[in-house]
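All residue numbers in this chain count up from 1 along the given sequence.
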Amino acid sequence: MELAAIEIAAQRVKLPSGREITPLEALKFCYNLSETDIEILIVMLQGGKYDVETLANKLGLSKATINRSLNKLAAIGFVERERETRKTAGRPRYFYYIRDPANLLSKIQNDLDFCAKAFEEGIKNMLLSSLRKAVAKTNE
């Protein structure tokens, strides 16, 4: 990731509670991402296609760890997977990549909007329920 992008990702956002978090911490929370998932995502945002072995060597992690993270990132729609076309027998190799970083950003924005609306609705229902109980108690 470019230095400017890392600096932006490290900028802290102050929440209404006074707590400060980075955009990466928000991503980790919203999508249940691990440090490894984030590391892989940052590498992949640099562009190109990566197989499990290349990422394992680049990050100094086991293939199993990389594979687990790539499967998670693919399942949530952050990365895409492409099977290598081979003319020989053997186990197929897969390449992972981010097709369009702008689409990834759009997906994240849509997901965050969805979450915000779900939280808003849940909090509203909780407050209305509490209000109804309070009114029912005062009417007894």
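Contact check for Val79 versus Lys49: no side-chain heavy atoms found under the 4.5 Å cut-off. Tyr94 places none of its side-chain heavy atoms less than 4.5 Å from the side chain of Asp51. Annotation: side chain of Asp37 is not in contact with side chain of Leu27 (no heavy-atom distance under 4.5 Å). Residues Glu82 and Tyr97 have side chains in contact (heavy-atom distance under 4.5 Å, counting atoms from C-beta outward). Side-chain atoms of Leu131 and Leu127, non-hydrogen and from C-beta on, never get closer than 4.5 Å to each other. Taking the side chain as every heavy atom from C-beta outward, Thr22 and Val13 never approach each other to under 4.5 Å. Between Val43 and Lys58 there is a side-chain heavy-atom pair separated by less than 4.5 Å. Contact annotation: the side chain of Ile76 approaches that of Leu33 to within less than 4.5 Å [non-hydrogen atoms, C-beta and beyond].
Asn67 contributes no side-chain N or O that, together with a main-chain N or O of Lys63, makes up a donor-acceptor pair within less than 3.5 Å. Remark: side-chain polar atoms of Thr54 are not paired, donor with acceptor, to backbone N or O of Tyr50 under 3.5 angstrom. Using a distance-only test at 3.5 Å, with no hydrogens or angles considered, a donor-acceptor pair links the side chain of Thr138 to the main chain of Val135. Remark: side-chain polar atoms of Arg12 are paired, donor with acceptor, to backbone N or O of Glu20 under 3.5 angstrom. For Lys72 (side chain) and Asn32 (main-chain N/O), a donor-acceptor pair under 3.5 Å exists by modelled atom type.
Here the straight-line distance linking atom CD1 of Ile66 with atom CG of Asn71 works out to 11.5 Å at 0.5 Å rounding. A distance of 12.5 Å separates CD of Glu121 from CE of Met126, quoted to the nearest 0.5 Å. Atoms SG and OH, on Cys115 and Tyr31 in that order, are 7.0 Å from each other to the nearest 0.5 Å. Once rounded to the nearest 0.5 Å, the distance linking CG of Leu70 with CD1 of Ile40 reads 5.0 Å.
Taking hydrophobic clusters as Ile, Leu, Val, Met, Phe, Trp and Tyr residues chained together by side-chain heavy-atom distances below 4.5 Å, Phe95 does not share a cluster with Leu61. One hydrophobic cluster holds both Leu24 and Leu112 under the rule that ILVMFWY side chains link at heavy-atom gaps under 4.5 Å.
Counting all heavy atoms, side chain and backbone alike, Ser69 lies closest to Ser34 at OG-OG, 4.3 Å. Across all non-hydrogen atoms, the minimal contact from Gly77 to Leu104 is O-CD1, 4.5 Å.
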- Task: Decide salt bridge (Lys or Arg N to Asp or Glu O under 4.0 Å) for Glu35 and Lys28; before the verdict, give the C-alpha distance in whole Å, the side-chain angles of both, and the deciding distance to 0.1 Å.
- Result: CA-CA 8 Å; Glu35 288 292 327; Lys28 285 171 63 176; 2.2 Å; yes

- CA sep, side-chain torsions, deciding dist, call: Leu59, Thr36, side chain to side chain contact (heavy atoms under 4.5 Å, CB included): CA-CA 9 Å; Leu59 297 171; Thr36 301; 5.8 Å; no

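In this structure, Glu53 places its CD atom where only 12 or fewer heavy-atom neighbours from other residues, nucleotides or ligands lie under 6.0 Å away.
Through chains of ILVMFWY side-chain contacts below 4.5 Å, Ile21 is grouped with Leu15.
Listed by first then second residue, pairs satisfying salt bridge (charged side-chain N to carboxylate O under 4.0 Å, His left out) with a partner in residues 105-117 read Lys107-Asp111, not counting sequence neighbours.
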